[in-house]
There are 2 protein chains.
Amino acid sequence: MLQIQNGHPQGPVDGHARLRPLSDFSGSLANRSYLALRAAILDLGYRPGEALRKVEICAQLGVSRSPVAEAISRLAAEGLVDVVPQAGTYVARFSMDEIREGAFLREAIELAAVEVIAPILTEKQLVQLRRNLRVQDILVADGDFRGFYALDGEMHELILSFTGFKKLAYVADTAWLHVNRARQLILPMPGRVAETLEEHKAILAALETRDPDAARQAMRAHLGRLITFLEPLERDHPEFFAPR
Amino acid sequence: MLQIQNGHPQGPVDGHARLRPLSDFSGSLANRSYLALRAAILDLGYRPGEALRKVEICAQLGVSRSPVAEAISRLAAEGLVDVVPQAGTYVARFSMDEIREGAFLREAIELAAVEVIAPILTEKQLVQLRRNLRVQDILVADGDFRGFYALDGEMHELILSFTGFKKLAYVADTAWLHVNRARQLILPMPGRVAETLEEHKAILAALETRDPDAARQAMRAHLGRLITFLEPLERDHPEFFAPR
DNA sequence: GCTAACATGCTAACATGTTACAGATACAAA
DNA sequence: TTTGTATCTGTAACATGTTAGCATGTTAGC
């Protein structure tokens, strides 16, 4: 996928303890290995460009190469790692193109979602959204950014689930993966969090009017603002980005 | 993923010759096995609900279980097969919900695509579209439905590629997989093909005006018509659909 | 006849041995 | 110094042996 021409700069930072134990996850060993690796990559525990040593990972997780191989092939499909045949596996570097593409895809999905659900939202569903927003309010007041991000994600997930389509959230999340990884580099700014909350409220308000176009507009405004905070990243952290 | 509770009805139909040889494909053995299986499933060479016998597949393709296992895990991720741990792998049945979801996702992507490209299309890109449409015209006149479907796919691919995003076409195709499989059950109707051509022309016409809303509308009309032909399938071919 | 314990066959999941290629290094030739 | 070639190392890709869970058929018990 990505050609790495010469030398693979940084090796492991400390050589261990970046993977949570498999007992934290559920499912087959392959699935658990996948989740453990994915979490570590998204947390930047493995740094972009770094080589993944399969034997080391096997030892750390206490499993054989088979489940780890399957985990890595799934990560490759999502674009989180680059596999160079017969040579090595490397944590994918950021790419502003991929981030923009993920944002575009997610925007397409969420705009289509609010458009279809706006006219047919039930009172029960609106209650769920209102409750979520009230909690967001409290978390912002408390300065609990981590909690706020969780509720943020939940709100978007709720909206997608109201379409009745089951895999939509998965596709949107996969698209958003690179954005989420990049977001680790941005310190949460109190002002931005308050703004985000206002944008969420505007989305709910539009949905309450049951006007598809208004809902689209509110959602577009929200997602459009997000990307503006990501654009400067390439300048600020060039070491994590793929050379152009 | 899908719970199969009781008995796995139909076995192999003729037991062989449904897989094209690996030499027809390129890449690693795992990738080639994936492509061969995928093609066979989409062609309905393997029927929905049928069990996939890994050893048989290995023998037919002349490879060991490893590449076939990876191929199957990819197919499972795309929802084309259902893996029941320690029990068996079955070709996924159709599900009208999944078909609708795929259509929704593809519509979301293509509407977003025409919306962004409409104002910025280059003359060169328009020429590509016009040329594609002229060929479609000829193929319809010749009654070459197979060729027409190929050009149809190419046109949608062109439009997505003009956004500059690389994986968009892949996501749209994956979403469309179930629809494509279901489409095998519909005989091409000359009238419908001519209609489709007109819809394609309307899309190009809208793009030529560089009006995003007109382009959205034309694309929406096109994709919306398609799904109406799929809805009767569940009634006409209940044996291929998952029980509700 | 009906139910439940058990035995059997088949499968995915996992472990591990083997192969072949990419890439680095060393060195020879120009 | 540069360039080409041989070798050597580490890795993914592949092959195959092993384990354990599910479905089913059979038999024992009632």
Side-chain angles (χ1 to χ4, degrees), chain A residues 1-9 11-12 15 22 25-37 46 49-77 80-92, chain B residues 1-12 15 22-23 25-37 46 49-77 80-92:
Chain A
M1 196 156 282
L2 175 69
Q3 272 302 352
I4 296 171
Q5 50 279 61
N6 190 13
H8 307 296
L22 291 189
F25 306 98
S26 67
S28 66
L29 291 183
N31 187 53
R32 288 193 243 178
S33 305
Y34 162 74
L35 292 172
L37 280 167
Y46 286 103
E50 181 176 347
L52 283 182
R53 307 192 166 282
K54 208 182 278 186
V55 284
E56 188 184 302
I57 293 167
C58 292
Q60 229 172 98
L61 295 178
V63 297
S64 80
R65 304 193 311 263
S66 300
V68 173
E70 187 182 327
I72 287 179
S73 100
R74 280 200 240 171
L75 293 168
L80 283 178
V81 304
D82 293 317
V83 176
V84 182
Q86 323 293 359
T89 302
Y90 307 92
V91 178
Chain B
M1 196 157 282
L2 173 70
Q3 270 304 350
I4 297 171
Q5 52 277 63
N6 190 12
H8 306 296
Q10 56 267 70
L22 290 188
S23 51
F25 306 98
S26 67
S28 66
L29 290 183
N31 188 53
R32 287 193 245 177
S33 307
Y34 162 74
L35 292 173
L37 281 167
Y46 286 104
E50 182 176 346
L52 242 40
R53 308 191 169 283
K54 207 183 278 187
V55 284
E56 188 184 303
I57 293 168
C58 293
Q60 228 173 98
L61 295 178
V63 299
S64 80
R65 304 192 312 263
S66 301
V68 174
E70 187 182 327
I72 287 180
S73 100
R74 279 200 241 171
L75 293 169
L80 284 178
V81 303
D82 293 318
V83 176
V84 182
Q86 323 296 357
T89 303
Y90 306 92
V91 178

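Computed from heavy atoms alone, side chains included, the values below leave out hydrogens, waters and symmetry copies. Below, read A as the first sequence line, B as the second, and so on, with proteins coming before strands; counting in each chain starts at 1.
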> Once you round it to whole Å, what is the distance between C1' of D:dA12 and CD1 of A:Ile57?
Replying inline: 13 Å
>> Taking side chain to side chain donor-acceptor pair (under 3.5 Å) as the definition, give me every residue that meets it alongside B:Tyr34, ordered by chain and number, with sequence neighbours left out.
In response: B:Arg38, B:Glu78
>> Please report the interatomic distance CD(A:Gln86) to OG(B:Ser28), rounded to the nearest 0.5 Å.
In response: 9.5 Å
> Roughly how many Å is it from OH in A:Tyr90 to P in C:dA22, rounded to a whole number?
Replying inline: 13 Å
>> So, using salt bridge (Lys or Arg N to Asp or Glu O under 4.0 Å) as the criterion, who are the partners of A:Arg74 when residues are at least two apart?
In response: A:Glu70
What pairs of nitrogen or oxygen atoms, one from the protein and one from nucleotides 15-18 of chain D, lie under 3.5 Å apart?
residue : atom : partner : partner atom : Å
D:dA15  : OP2  : B:Ser64 : N            : 2.8
D:dA15  : OP2  : B:Ser64 : OG           : 2.6
D:dA15  : O5'  : B:Ser64 : OG           : 3.1
D:dA15  : N7   : B:Ser66 : OG           : 2.5
D:dG17  : N7   : B:Arg65 : NH2          : 3.3
D:dG17  : O6   : B:Arg65 : NH2          : 2.3

>> On a heavy-atom basis, which atom in B:Val63 and which in B:Ser33 lie closest, and how many Å separate them?
In response: CG2-OG, 4.3 Å
> At under 4.0 Å between heavy atoms, what does B:Ala69 touch on the DNA or RNA strands: base, sugar-phosphate, or nothing?
Replying inline: nothing
> CG/B:Leu61 to CG/B:Leu37 distance, rounded to the nearest 0.5 angstrom?
Replying inline: 6.5 Å
Sort me out a list of protein N/O and nucleotides 9-11 of chain C N/O pairs below 3.5 Å, or just none if empty.
residue : atom : partner : partner atom : Å
C:dT11  : OP1  : B:Arg53 : NH1          : 2.6
C:dT11  : O4'  : B:Ala87 : O            : 3.3

>> Rounded at 0.5 Å granularity, tell me how far CZ in A:Arg53 sits from SG in A:Cys58.
In response: 13.0 Å
> How bent is the helix from C:dG1-D:dC30 to C:dA30-D:dT1, comparing axes over its five end pairs at each side, to the nearest 10°?
Replying inline: 0°
> What is the distance, rounded to the nearest whole Å, between atom CD of A:Glu70 and atom P of D:dA13?
Replying inline: 14 Å
>> Checking B:Thr89 now: which residues fulfil side chain to side chain contact (heavy atoms under 4.5 Å, CB included) with it, not counting sequence neighbours?
In response: B:Leu52, B:Ile72, B:Val81, B:Val83
> Whole Å only: how far is the CG atom of A:Asn31 from the P atom of C:dA12?
Replying inline: 18 Å
> What pair of heavy atoms forms the shortest contact from A:Pro67 to A:Leu29, and how long is it?
Replying inline: CB-C, 3.9 Å
> Between atom CZ in B:Arg74 and atom C1' in D:dA13, what is the gap in whole Å?
Replying inline: 12 Å
> Is there side-chain contact between B:Tyr46 and B:Ile57, with heavy atoms separated by less than 4.5 Å?
Replying inline: yes
> Separation of B:Asp82 atom CG from C:dA12 atom P, in whole Å?
Replying inline: 13 Å
> Are the side chain of A:Arg32 and the backbone N or O of A:Gly27 linked by a donor-acceptor pair below 3.5 Å?
Replying inline: yes
> For B:Leu35, which residues count as a side chain to side chain contact (heavy atoms under 4.5 Å, CB included) partner, sequence neighbours excluded?
Replying inline: B:Phe25, B:Asn31
